[in-house]
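Residues take their numbers from the sequence shown, with the count starting at 1. From a predicted model like this one, the values you see are computed outputs, not experimental measurements. For ligands, and for the atoms within them, numbers begin at 1 and follow the listed sequence.
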Amino acid sequence: MKKVDIVVPCYNEQEVLQAFYNETARVLLTLPDYSFRFLFVDDGSRDNTIVIMKQLAKEHDNVKYLSFSRNFGKEAAMYAGLTYSDGDYVILMDADLQHPPAMIPDMLAGIEEGYDCCAARRVSREGESKIRSWFSQLFYRLSNRMTDVKMPQNAVDYRVMTRAMVDSILSLAEVERFSKGIFAWVGFETKWLPYENVERTMGTTKWNFWKLVKYALSGITSFSITPLRMVSGMGFLIFVFACLYILVTLIQTFLFGIDVPGYVTTLCAVLFLGGIIELSVGILGEYVAHIYMEAKGRPIFILRQTNLEIKKEKSNGNASDSVC
Ligand code: UDP
Ligand code: MG
């Protein structure tokens with residue numbers, strides 16, 4: 001019998017967790033050929049999420065939980081879940097029922113067809129604000145143009161993966177993780193299943209506009225050096241233009257003498273170059289920040305408590321030292 005781990009990152013999901021379990025468990029009953037295990041990851045929730053997880057674990061042997069010492073973000077929660085998974089297949093899904101559990105049988109069927117991964121892709125973004133959809137489209141267009149990894153638009157973090165793919169994902173040890181890019185980067189054959197967007201009915205989204213912008217920027221700079229090349233290209237163009245302009249000015253000066261008024265030209269040049277320099281330093285800064293964060297090599301998450309038996313070598317950095 002194939003073992004399947006269901007990794008569920010949860011942050012302040014007390015309203016929905018029980019409903020998520022009930023709904024998912026109901027679907028799993030239709031799949032007797034697999035042995036399922038839930039791996040709930042409590043990402044430092046400030047509500048009663050961990051209490052509900054413990055209750056579920058008490059009631060059902062196949063419920064495991066990992067709880068962080070603070071909120072480390074969804075990326076860290078997914079990474080922790082994958083790190084402690086040991087099933088033949090791993091399902092990654094949100095706790096808020098926006099990833100319909102009813103798709104699990106079709107997803108597993110995709111894996112049995114021979115795919116390494118079967119992932120969900122939204123065909124509509126109904127219920128989502130227009131501005132968020134527009135920015136999301138812009139992000140995919142930009143990142144697909146700038147990076148070698150092609151991220152399919154509207155792909156969500158709802159997927160089933162084989163052990164081989166999960167191990168490859170874990171072998172990318174970067175601290176600042178951008179899973180959408182990592183999933184695409186490791187390759188493997190992915191089958192895409194379309195689904196209609198489901199609105200969140202319980203609890204609230206944990207993302208706001210600026211968090212999403214930061215995430216998108218970090219995504220592009222994690223996977224592409226095109227912005228750096230653009231800075232070099234821009235510098236080169238400005239250099240060529242400046243040389244030509246100097247030449248023209250010198251010739252003019254020799255032929256006609258010094259023309260004193262030049263206020264507008266000087267001001268435009270100073271402001272334009274100042275702007276370009278600031279922009280370039282900003283872009284460089286994004287990359288330096290990545291290097292800084294990676295160089296520190298801090299653990300991606302720190303566990304506070306779990307009902308899993310943890311082998312020390314599996315932990316990330318000092319993670320398991322903090323398990324109580
Ligand atoms: N999540 C998390 N840590 C965070 C933010 C979110 O583990 O810091 C989880 C959250 O509990 C949910 C999933 O990530 O299971 C997706 O979050 P959310 O529904 O807020 O995102 P959205 O669906 O609005 O993109
Ligand atoms: Mg959601």
Relative to the heavy atoms of Cys10, which atoms of ligand 1 are at a distance of less than 4.0 Å?
7 (O), 11 (O)
Stepwise, does the ring pair (Phe, Tyr, Trp, His ring centres under 6.0 Å) test hold for Phe38 with His60?
CA-CA 10 Å; Phe38 286 87; His60 311 279; 8.2 Å; no
Atom 3 (N) of ligand 1: the protein heavy-atom neighbour that sits closest, reported with distance to 0.1 Å
Asp43 OD2, 2.6 Å
For the backbone of Lys3 and the side chain of Asp88, can you confirm whether one donor and one acceptor N or O come within less than 3.5 Å of each other?
yes
Report the nearest protein non-hydrogen atom to atom 25 (O) of ligand 1: residue, atom name, distance rounded to 0.1 Å.
Arg132 NH2, 3.3 Å
Considering only non-hydrogen protein atoms, determine which one is nearest to atom 11 (O) of ligand 1 and report residue, atom name and distance to 0.1 Å.
Glu13 OE2, 2.5 Å
Strictly under 6.0 Å, is that where the ring centroids of Phe209 and Phe135 end up?
yes
Which residue supplies the protein heavy atom nearest to atom 16 (C) of ligand 1, what is that atom called, and how far is it?
Asp94 OD2, 3.1 Å
Minimum-distance protein heavy atom relative to atom 5 (C) of ligand 1:
Lys206 CB, 3.5 Å
Among all protein heavy atoms, pick out the one at the shortest distance from atom 21 (O) of ligand 1; state its residue, atom name and that distance to 0.1 Å.
Trp207 CD1, 3.1 Å
Lys211 versus ligand 1: do any nitrogen or oxygen atoms come within less than 3.5 Å of each other?
no
Close-contact set for ligand 1 against Pro9 heavy atoms, below 4.0 Å
7 (O), 9 (C), 10 (C), 11 (O), 12 (C), 15 (O)
Under the 3.5 angstrom rule, does the side chain of Ser45 hit a backbone N or O of Asp47 as a donor-acceptor pair?
no
Which of the numbered atoms in ligand 1 are under 4.0 angstrom from any heavy atom belonging to Gly73?
3 (N), 8 (O)
Where is the nearest protein heavy atom to atom 18 (P) of ligand 1: which residue, which atom, and how far?
Arg200 NH2, 3.6 Å
Taking only heavy atoms of Gln98 into account, list the atoms of ligand 1 that are under 4.0 Å away from them.
19 (O), 23 (O)
Just say parallel, tilted or perpendicular for the rings of Tyr158 and His99, cut-offs at 30° and 60°.
parallel
Taking the N/O/S atoms of Asp96 one by one, which is nearest to the Mg ion (ligand 2)?
OD2
Looking at Phe183, is Arg159 sitting on its ring face, NZ or CZ under 6.0 Å from the six-membered ring centre and within 45 degrees of the normal?
yes
State whether Phe139 and Arg141 meet the cation-pi test: NZ (Lys) or CZ (Arg) under 6.0 Å from the six-membered ring centroid, and within 45° of the perpendicular axis.
no
In terms of its nearest heavy atom to atom 8 (O) of ligand 1, the top option of Asp96, Val16, Asn71 is Asn71
Would you call the rings of Phe178 and Tyr215 parallel, tilted or perpendicular if under 30° counts as parallel and over 60° as perpendicular?
tilted
Salt bridge Glu196-Arg122, side-chain N to carboxylate O under 4.0 Å:
no
Give me the atom names and distance for the closest heavy-atom approach of Val63 to Asn307.
O-ND2, 3.2 Å
Are Asp86 and Arg163 close enough for a salt bridge, meaning some N to O gap below 4.0 Å?
no
Shortest protein contact, atom 24 (O) of ligand 1 (heavy atom only)
Thr205 OG1, 2.6 Å
Under 2.8 Å from the Mg ion (ligand 2), can any N, O or S atom of Gln98 be found?
yes
Show which atoms of ligand 1 fall inside a sub-4.0 Å distance from at least one heavy-atom site of Ala95.
15 (O)
